[in-house]
Asks: 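The following block contains the structure, expressed as C-alpha cells.
Please read these numbers as outputs of a predicted model, since none were measured by experiment. Every number for a ligand or one of its atoms is a count from 1 in the order of the listing.
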Amino acid sequence: MLTLRSKTLDTVQSRKAITVTPPSVRVSEYFNTNVFHDSAMMEFLSKEAYKAVSNAIKNGEKIDRSMADQVAAGMKNWAISKGVSHYTHWFQPLTGATAEKHDSFFEPTEDGRAIEKFAGGALVQQEPDASSFPNGGIRNTFEARGYTAWDPSSPAFIMEGFNAKTLCIPTIFVSYTGEALDYKAPLLKALHAVEKAVVNVCSNFFDKNVTKAYASLGIEQEYFLIDEAMCVARPDLMLTGRTLLGLSPEKGQQLEDHYFGSIHPRVYDFMVDFETECYKLGIPLKTRHNEVAPSQYECAPNFEEVNLAIDHNQLLMDVMEKVALRHKFKVLLHEKPFAGINGSGKHNNWSLITNTGTNLLAPTHNPSENLQFLTFFVNVIKAVHDHADLMRGSIASAGNEHRLGANEAPPAIVSIFIGSQMTEVLESLLNNSTSKNVSKAGSINVKKIPEILLDNTDRNRTSPFAFTGNKFEFRAVGSSANSANAMIVLNTIMADQLNKFSADTQALIKKGKKKEDAILEVLKGYYKASKKILFEGNGYSDEWVKEAAKRGLSNIKNAPEALNAYISKSSKEVFVRNEIFNEVELNARYEIMQELYVKKIDIEAKLLAQLATSHVIPAGIAYQRNLAENVKAMKDAGLSKSDTEVQVNLIKELAGHIKIISTNVAKLLEELDKAHHLSSTHKSAMAFSGKIKPLFEPIRNSSDALEFMVDDELWKLPKYREMLFVK
Ligand code: ADP
Ligand code: MG
C-alpha cells in the first residue's frame, strides 16, 4: 500500500530544481524600484506636493486634503507606469498578519468608457469593518466601523503577484471612536514619545544641536524551511505551524554541523529569489545563513528607523511565504516547530540616534559625549528594571511559551547582560561617587570610559536583553511576532524613564549642584536601584533561576499570566502618562491577546485529539494485529509460549500506550469543554495553559513511543528525520 508518507517522500525526492534567474544587474540598480521613495516622488509629484510629503515624513506635519489629491494623483501615475491596476491600504491588525483589501483604480465613466482614478480621500482614509478584526470588545461599546489612515512616514510600495501588481499604502487602523485596533498606531505614539524625551535630554544636558532623534531597529529573523509536500502530509504543521507529535531524530543538531554550514542548493535558490523581491521593496537585507537546527535559517537587514524596520519585517515575512511557494517550500515562522531542536526567535537590535548622527548607545573617545552615552545606557537599565514584567508581557504568546523558560532559549526571567567592561565602568561610578568628592569621581569616570574600547566578543547568547557594544539586543522576541509589541513597550518605558531623569537632574541643579555632578548623582542612584536586573552568567542554567528568585526577579513561564503586566497599575500609568494607550485600549488589547492564546491552544488541542485518534491509534492497532497474527501462526506451527514472548510483550506495550493516548484524549476533550465555559477570557486562557496543555504531554509521549515501535511501513505521518533532512 502506498501511503501518503511514502508518496510524499517520492514527491520531494523527484523535485526538479526551479530555475531562478536573479536580475543580471547589480542590486543597487533594482533596490527600491517597487517603492514610492524619494526620487520617484520627485519625478511624479509637483514641487509643493513633494514638499508636503517630505515635511510629513521629516517633521510629522499634516497633509491637507487638496495636497492629498495631488499626492494621490502622482502616486497613481507612478504605480500605473509600473503596471499596477489596484491599490490597497496595508495595515497590521491584531491578528498578527498584515491585512489588505484591493480596490481597482478603474472607474466607469458616463459615456460608457472608463478612467483610472485615485483621489486624495482614498489615499488618506478607508473604512474597513472593524468588527471582522480582533477588537477586544471595543465594538460592543462603540460602533463597528473602523478606519485606516495613511502613514506617510512609511513609503507606499508595490506588491507583485504572479500576474498582477497592487499599490500598498501603509496605514494605521483605528476604531471609529479613535481607539487603536492595530500595532502601528500605538507604535507611532511610542516613537514620538521617545523622540521627544531623547531630544529633551540631549538638548538640555549635552548638545543644543540635537533637535531630532529616532529609535533604530535591526531585526534578525529566524525561520525553518520544509518541503511543501511534507507540510501537506503533516496536518499539525499545516494548521498550527508546529509538530504536535514526532519522535526526535537520532541526529538533530548535536554535531553542530548546520550553523553557518554550506547552504543547500534548493534553499540557496529560494534565498536569492526572496532577497531579490525584498530589494525591490527596499528591504535592506544584508545577511543570510544556516542556523543551528537542521532546516533552520536566518536573515537580517541593515537597521532602520523602528516604524520602517517593523513594516519591512512584516512585509518580509509575507514575501518569504509567497516566494517559498514558487520553490515548493513552506516557511515555518512558529517559535517551536520541532521538539528537541532549537526554536526560532527574532532578535530586536535597538538603539537611539540623533539628527547629529550620534548613536546614543555607542561609547566614544570623547569624555563629554561619554557622559551622554552613560546617561542613556543607565536609563535603559533603569527602564527595563522598573518595567521588567511589561517587557516580559510584550513577548508573551502561545508560540513563544515553548521557548521562554525552556532550556535552549532566553529564560522567562527578564535580565540584562552588559559585559564585564561596562560592569566595571558602572561599578567604579558607584564606588567613586560614594566618596564625598563627587566632581572628582565624575571626572575620573568620564575620562575613564574612552580608554575602555568595548570588546565586541564579550557576548552572552543566553541573555534575553544584551548590550552588544553600540545597541541593546532584545533576543527574547518570538520569530512569528510583530516586533511592535516589544518596541511599543521598550520605547514607551524609555521615554518615561528619560523624562524622570530630566526631572530628577533638574531638581538637583536647582538645589545648586553643577550639571555634571547632578547627572552623575542621579545615574548612580539609578544604577544602585536597578543593579539586581544585571546578570552576566548563563541564563539557561538552573542556578540562575534560583539566584533570580533570591533577587526577587519575576519568572513568569506562561503567557496568559505574563500578559497580566499590560493591565497592572504601573503599566497602565506609564502608558496613559505617555499617551500611548488609554485604559479602554489597554483592556481591549489584553482581551485580544488572551483570546488569541485560547484560540491557538484550542486549535492545537483539537488537532492533537484528531491526529491521535485517526493516525496514531490506528497505526498502533494495525501493528498489534500483525503481531497477533504472527503469534497465532507461531502457535499453530507448534511453537511454545516462550517463543512468542517477545511478540506478546510488544502487543501488551502497544496496548498500554494506546490506552494512555485514548484516556488522555478523552480528558482533553472534557477539559476543552470546561475551559470554554469559564467566566472570563483570562480564566479560560489560564485553563488552556494549566489544564489543557499539560495533557498534550502524555499523548505525545505515548505517540512518540508508538512511532519508535511500530513497523515503519504502517506509520503514515512523515517523521522528523524526513521533514528535517529530505530536500
Ligand atoms: P549579530 O552578531 O548579533 O548577528 P550584527 O552585528 O550582525 O549582530 O547585527 C545584527 C543587527 O543589528 C543588524 O540588523 C544590524 O543592522 C543591527 N544594528 C547594528 N547597529 C545598530 C544600531 N545602532 N541600532 C539598531 N540596530 C543595529
Ligand atoms: Mg544577534
Asks: List ligand 1 atoms under 4.0 Å from Asn302, heavy atoms only on the residue side.
Replies: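 Result: 16 (O).
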Asks: Against Glu275, only a single residue in Arg288, Lys280, Lys286 fulfils side chain to side chain donor-acceptor pair (under 3.5 Å); can you say which?
Replies: Arg288
Asks: Can you confirm whether Tyr268 is buried at OH, in the sense that more than 12 heavy atoms of other residues, nucleotides or ligands lie under 6.0 Å from that atom?
Replies: no
Asks: Within ligand 1, which atoms have a heavy atom of Asn349 less than 4.0 Å away?
Replies: 10 (C), 11 (C), 12 (O), 17 (C), 25 (C), 26 (N)
Asks: For ligand 1, does Glu220 get within less than 4.0 Å through its side chain, its backbone, both, or neither, judged by non-hydrogen atoms?
Replies: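 Glu220 to ligand 1: side-chain contact only, backbone stays beyond 4.0 Å.
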Asks: Below 3.5 Å, N or O to N or O, backbone or side chain included: is there any such pair between Ser216 and ligand 1?
Replies: yes
Asks: Can you check whether Ser415 reaches Trp544 side chain to side chain, under 4.5 Å on heavy atoms?
Replies: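 They are in side-chain contact.
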Asks: Given Ala215, Ala300, Pro284, Pro301, which one has a non-hydrogen atom that is nearest to atom 14 (O) of ligand 1?
Replies: Pro301
Asks: Does Lys382 qualify as a cation-pi partner of Tyr526, given the criterion of NZ or CZ under 6.0 Å from the six-membered ring centre and within 45 degrees of its axis?
Replies: yes
Asks: Let's go through Phe501 and Val201 carefully: what are the C-alpha distance in whole Å and the side-chain angles of both, what is the deciding distance for side-chain contact (heavy atoms from CB on, under 4.5 Å) to 0.1 Å, and is it a yes or a no?
Replies: CA-CA 8 Å; Phe501 168 81; Val201 168; 4.0 Å; yes
Asks: Please could you name the atoms of ligand 1 that Asn359 approaches to less than 4.0 Å, counting only its heavy atoms?
Replies: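 Answer for ligand 1: 23 (N).
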Asks: Under 6.0 Å from the six-membered ring centre of Phe329 and within 45° of its axis: does the NZ or CZ of Arg266 meet both?
Replies: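 Positive - Arg266 is close enough to the ring of Phe329 and near enough to its axis.
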Asks: Look at atom 18 (N) of ligand 1 and find which of Arg475, Glu473, Lys471 reaches it with the closest heavy atom.
Replies: Lys471
